[in-house]
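These notes concern the structure reproduced below.
Quick caveat, the model's predicted, so the values are computed rather than measured. Just follow the structure's listing: the first ligand is 1, and inside any ligand the first atom is 1.
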Amino acid sequence: MRGNIDGDPMTTGVMIGNVPLGAEHETAIIAPVLGSTLDELKAEAHAALDAPVDILEVRLDHVLAASQASPATAKERAYAALQGVSEVASSLPLLATIRTAREGGEWDVSDDVYAELLCSITSSGLAHAIDVEVARHPAAISVILDTAEKSGLPVVLSRHFFDATPTREEMLAMLEYMATLAPADRAVAKLAVMPHTPEDVLALLGAGLEARNRLEHALMAIAMGRLGRVSRLAGGVFGSDACFATVGPESAPGQPSARALAALLER
Ligand SMILES: O=C1C[C@@](O)(C(=O)O)C[C@@H](O)[C@@H]1O
């Protein structure tokens with residue numbers, strides 16, 4: 001297991017499987033797998049086995065959208081995807097993400113179906129953490145968070161802006177809001193924005209750093225695209241505890257490869 005940056009056992013932060021995330025720990029590398037079929041997902045998971053990856057993010061929205069899953073069939077498809085990935089990469093913790101169309105993902109789904117499916121996944125024991133979009137209806141978020149708490153499953157609270165970058169104050173407020181939703185030993189607060197100017201990137205980094213100083217939660221503050229790439233490569237300096245990096249196709253613009261990131265982080 002990775003210890004903290006001084007090599008001591010973990011004292012703070014959140015565990016995703018056996019991987020600690022938090023201010024005291026090395027930046028974790030999370031690789032998305034986003035195949036549209038079970039075979040594609042498995043091939044991407046296989047590629048992660050030879051790469052410097054700590055956690056796999058299973059982007060279930062791709063397989064759900066490609067199979068045109070109905071609310072009735074979605075659970076079966078999501079379970080099959082998680083089972084398939086975990087058979088191939090049994091050593092890696094799985095973060096289950098349903099990135100909805102409203103936040104730049106593939107699956108267009110109602111809040112009710114979103115909540116029901118994430119609750120089922122939580123109770124299934126097939127994932128080590130789930131991603132929860134905090135912009136969903138408060139009732140949906142609340143039922144998911146209650147279920148995760150009962151199951152002791154960590155959550156990655158997330159918010160995306162694919163077209164723009166809110167102000168530094170707005171971004172800080174969003175991270176602070178996320179931190180009110182679940183305790184620091186069970187949650188990560190994550191914000192991803194699209195910068196259009198270097199000042200946007202600075203605002204994102206500033207918000208992340210200020211959040212690091214104010215909050216106990218593990219954080220991820222991401223500026224997407226080419227302009228924002230510095231936020232991924234140097235995120236650890238500014239308060240990000242993990243970085244999404246690829247072993248196959250990228251799941252958002254600007255992600256480095258897991259190998260390039262690991263080389264930069266000297267690990
Ligand atoms: O939320 C995120 C962050 C992300 O959008 C990124 O910019 O790296 C990639 C997504 O796969 C993940 O769910």
Among all protein heavy atoms in this structure, tell me which lies nearest to [atom], with the distance rounded to 0.1 Å.
atom                    : result
atom 4 (C) of ligand 1  : Ala252 CB, 3.7 Å
atom 1 (O) of ligand 1  : Lys190 NZ, 2.2 Å
atom 7 (O) of ligand 1  : Arg232 NH2, 2.9 Å
atom 13 (O) of ligand 1 : Glu57 OE2, 2.5 Å

Atoms in ligand 1 flagged as close to [X], the criterion being non-hydrogen separation under 4.0 Å:
X      : value
Gln255 : 6 (C), 8 (O), 9 (C)
Arg59  : 10 (C), 11 (O)
His160 : 1 (O), 2 (C), 3 (C), 5 (O)
Met224 : 7 (O)
Ser251 : 9 (C), 10 (C), 11 (O)

task = Give a yes or no on whether Glu176 atom CD has more than 12 heavy-atom contacts from other residues, nucleotides or ligands under 6.0 Å away.
result = yes
query = Does CG in Asp163 sit with more than 12 non-hydrogen atoms of other residues, nucleotides or ligands closer than 6.0 Å?
reply = no
Indicate every side-chain donor-acceptor pair of residues 39-53 with a distance under 3.5 Å to a residue at least two apart or in another chain.
unit_1, atom_1, unit_2, atom_2, d
Glu40, OE1, Ser36, N, 2.8
Glu44, OE1, Leu34, N, 2.7
Glu44, OE2, Gly35, N, 3.4

query = Do the side chains of Leu175 and Leu205 join up, straight or via other hydrophobic residues, at under 4.5 Å, putting them in one cluster?
reply = yes
message = Run Glu57 and Thr97 through side-chain hydrogen bond (donor to acceptor under 3.5 Å, both in side chains) and show every step you take.
response = CA-CA 7 Å; Glu57 179 191 51; Thr97 297; 2.7 Å; yes
task = Could you tell me whether some N/O pair between Arg99 and ligand 1 is separated by less than 3.5 angstrom?
result = yes
message = How close do Thr165 and Met171 get, counting heavy atoms only, and between which atoms?
response = CG2-CE, 3.6 Å
Within-4.5 Å side-chain heavy-atom neighbours: Ile222 and Ser240 = no
